[in-house]
Amino acid sequence: MEKQPQRIVSDSGFEIEVVRKDEGYFHVRVSRANVIELILSAKQRCGKNILQLISVVDRIEDDIFQLTWILEDTADSSVFIVSADYPRENCSVPTFGDIWPTAVIFERELHEMYGIEFPGNPRQYEDFLLEGWKELPPMRRDFDTLEYSIRTYGERRKRIHTDPRKFIAETTGEWDTPVPMKDEDR
Amino acid sequence: MTHLLLSITVTTIAALAWGLLLGGISRMVTARIHGRIGPRLTQNYIDLWKLFRKKSSIHHGTMFWLAPMFRIAGGAGVLLLVPLIVGNTVIVNMSFSGDLLLVVYFMFFGCLGMALGAGDSGHPYAVIAVSRGLAQMSSYELSFSAVILVLAAGLKTLSIEEIVMAQQDGILSWNLFRYPFATVAALITFLPMQMAYPFSIVLAPQEIPIGPPTEYSSRLLSFMFSGRALFGVAKLVLFVNLFFGGASGWVSLLIKTFLLYMFPIFVSSVFPRFRTEQSIRFLWFVPTSLAAIDLLRIMI
Amino acid sequence: MYCNKLPEIPDDRKKIWEKVDNMARANSLWVTAFGTGCGAIELRPLHTSRFDMERFGIAMRPTPRQADVLIISGYLAVKTLKRVIRVYEQIQDPKYIIALGSCTMNGGMYYDSYNTLNILDRYIPVDVYVNGCMPRPEAIIDGFSLLMKKIKEGKAEGWKNYIENLEYYRENQKKVISNWDLPDYNW
Ligand code: SF4
């Protein structure tokens with residue numbers, strides 16, 4: 001079994017953009033139609049046996065979610081990273097739950113935080129961190145956390161003064177050092 | 001009759017106060033060993049009073065309520081069956097009416113009641129602790145009966161009174177010097193009885209947070225505390241009587257129990273905890289074989 | 001198996017005892033070992049020989065049944081609030097709450113988070129706030145001594161407040177906990 005994923009990349013019949021290549025580190029970007037094939041062949045042909053993480057970046061400007069799968073080979077800790085873009089609206093991504101059981105949990109979290117659907121994941125509608133969340137998924141960038149926080153938890157209490165010296169002087173009447181201090185006083 | 005009742009009351013209350021004070025001292029000593037200042041001497045009394053006056057609104061069944069009483073009864077039973085002071089005729093309690101075997105029975109009676117109550121509380125940690133505790137109890141019971149066998153074979157009696165009387169001619173007649181191996185074995189079994197550290201698998205603060213009393217609160221917990229203090233003192237008096245020549249006066253009783261009480265504390269603050277099976281294996285073999293050495297010496 | 005009765009405030013007929021009790025309560029505060037947020041890490045040094053909180057009679061208890069004080073050590077997520085309510089209601093009366101950090105007072109640096117409470121005393125009655133982000137162990141000890149003073153003066157009455165205004169607190173709690181499935185009162 002060859003260790004380097006170069007062969008997969010050169011063998012594959014589709015277009016692969018290499019983002020960064022390094023010793024034990026290989027990051028590629030593919031179109032979303034080829035994600036499954038690429039990841040499966042990486043697992044079978046070069047021993048990337050662990051799915052470390054699935055991460056999402058919400059690129060609201062381009063109207064896409066950028067998903068990233070990080071695979072690792074436990075024998076030599078080399079990583080292989082696959083990125084692909086998905087549309088933000090009704091985003092639906094293939095699940096890897098039947099290959100790596102950890103994926104079930106990652107995907108549950110992503111469903112809860114971003115509202116991404118993973119058809120075929122048996123547990124994706126279970127609560128993960130938030131219990132009984134009813135709003136827009138909170139990590140999407142079109143979700144206004146400040147507005148939500150004020151609406152639900154109330155306006156925060158604020159001090160009226162922002163200058164601590166003035167505040168202390170007003171509350172305790174003790175701060176009488178001239179501001180700014182002269183050099184000889186320091 | 002009145003005299004007996006009065007003497008019983010006085011003994012129990014005094015033993016409780018002394019036990020709590022010893023507990024306070026032990027907390028201070030442990031703190032000093034850690035390099036801390038430690039709580040006040042009276043901390044245990046304060047804790048007890050606070051617990052006693054706290055509200056309680058938990059109910060888990062009859063045994064749950066009875067267990068602290070069992071504990072107190074067990075402690076008081078042991079205390080009252082053991083002669084406190086050699087030759088004292090004022091406070092004799094019931095020391096004439098029971099022998100060593102009855103005392104041992106009472107010692108396990110208290111633990112058993114505790115186990116039933118904790119089991120009734122239904123908390124998983126309490127149940128784990130109870131199963132551990134009973135397993136450990138059966139193992140140190142074995143070693144302790146071996147020690148009793150040594151005393152019975154050597155002195156030809158099971159009455160505590162007579163065991164004490166046999167130790168009255170000078171310090172060398174103490175069982176400590178007559179049967180040194182058995183004494184060491186008894187001191188080892190004293191550690192798990194006091195839940196001291198290498199054998200503290202029942203309370204195990206970091207594994208099964210404090211074990212049996214997990215669900216106990218307020219007043220019941222304060223009874224549990226006093227039961228424990230009482231039990232501690234009773235066991236101390238028993239050990240002083242069995243191996244250290246009894247006490248010739250109040251002062252010597254206090255000094256001897258105090259010194260004996262410090263032993264588990266010092267051991268406790270320097271040792272980590274055994275696992276359950278390690279503890280049981282140790283208690284089955286080491287103290288039992290030590291006692292067997294003395295038994296062989298007597299036989300030959 | 002739940003008890004459905006709501007808690008009641010005991011009547012204060014024995015005023016003289018009450019003074020002695022308060023002295024005892026103030027000098028033997030047992031704390032539930034329950035940490036939320038960043039602040040739990042600042043509680044650990046209190047056990048060590050440097051700060052040694054046992055000299056004030058403060059001890060840690062692993063179970064709420066035996067504790068008097070609950071420390072909310074930092075930001076409180078909604079999910080944790082549910083557990084806090086359970087733990088708090090399982091503590092037997094009288095009970096006190098110390099809240100640490102600016103997060104518990106006004107949200108602190110998480111004021112715009114979607115999941116942490118901003119003002120803690122809408123949900124549970126707080127007796128003492130200790131400010132700082134995170135308060136140093138000295139400050140926490142200071143908070144404890146303030147609590148002791150309040151108890152001795154008989155002013156630490158957060159638990160009575162909670163029983164009296166249970167409806168108000170419940171309403172607020174239910175507003176933020178969307179999957180409310182607790183019983184009326186968690187004995
Ligand atoms: S006040 Fe600061 S240290 Fe405390 S929980 Fe909030 S952010 Fe963390």
Look at C:K155 together with C:D127 and state whether they make a salt bridge at an N to O cut-off of under 4.0 Å.
no
I'd like to know which of B:R40, B:M28, B:H34 tops the heavy-atom pair count under 4.5 Å against chain C.
B:R40
Are a donor atom and an acceptor atom from the side chains of B:Q136 and B:S279 found within less than 3.5 Å of each other?
yes
Under 3.5 Å donor-acceptor, C:N27 side chain and C:M23 backbone
yes
Which of the residues C:V20, C:I91, C:D52, C:T63 is involved in the greatest number of heavy-atom pairs with chain B at under 4.5 angstrom?
C:D52
What part of C:S28 gets closer than 4.5 Å to chain B, counting heavy atoms only: side chain, backbone, both or neither?
both
Chain C shares the most heavy-atom pairs under 4.5 Å, among B:G35, B:A31, B:P39, with B:P39
Can you tell me which portion of B:L221 sits under 4.5 Å from chain C's heavy atoms? Options are side chain, backbone, both or neither.
side chain
Tell me, for C:N22 versus chain B, whether the close heavy atoms (under 4.5 Å) come from the side chain, the backbone, both or neither.
neither
Is C:A33 in contact with chain B via its backbone, its side chain, both, or neither, using a 4.5 Å heavy-atom distance?
neither
Check whether C:R50 gets within reach of chain B through its side chain, its backbone, both or neither, counting any heavy atom under 4.5 Å.
neither
Quick one: what part of B:L51 sits under 4.5 Å from any heavy atom of chain C, side chain, backbone, both or neither?
side chain
B:R27/B:D47 salt bridge by N-O under 4.0 Å criterion:
yes
Verdict with supporting geometry, C:D68 and B:K50, salt bridge (Lys or Arg N to Asp or Glu O under 4.0 Å):
CA-CA 10 Å; C:D68 312 302; B:K50 178 205 75 176; 2.6 Å; yes
If we ignore angles and hydrogens, is there a donor and acceptor under 3.5 Å between the side chains of C:E89 and C:Y162?
yes
Do C:N118 and C:Y110 have a side chain donor and acceptor closer than 3.5 Å?
no
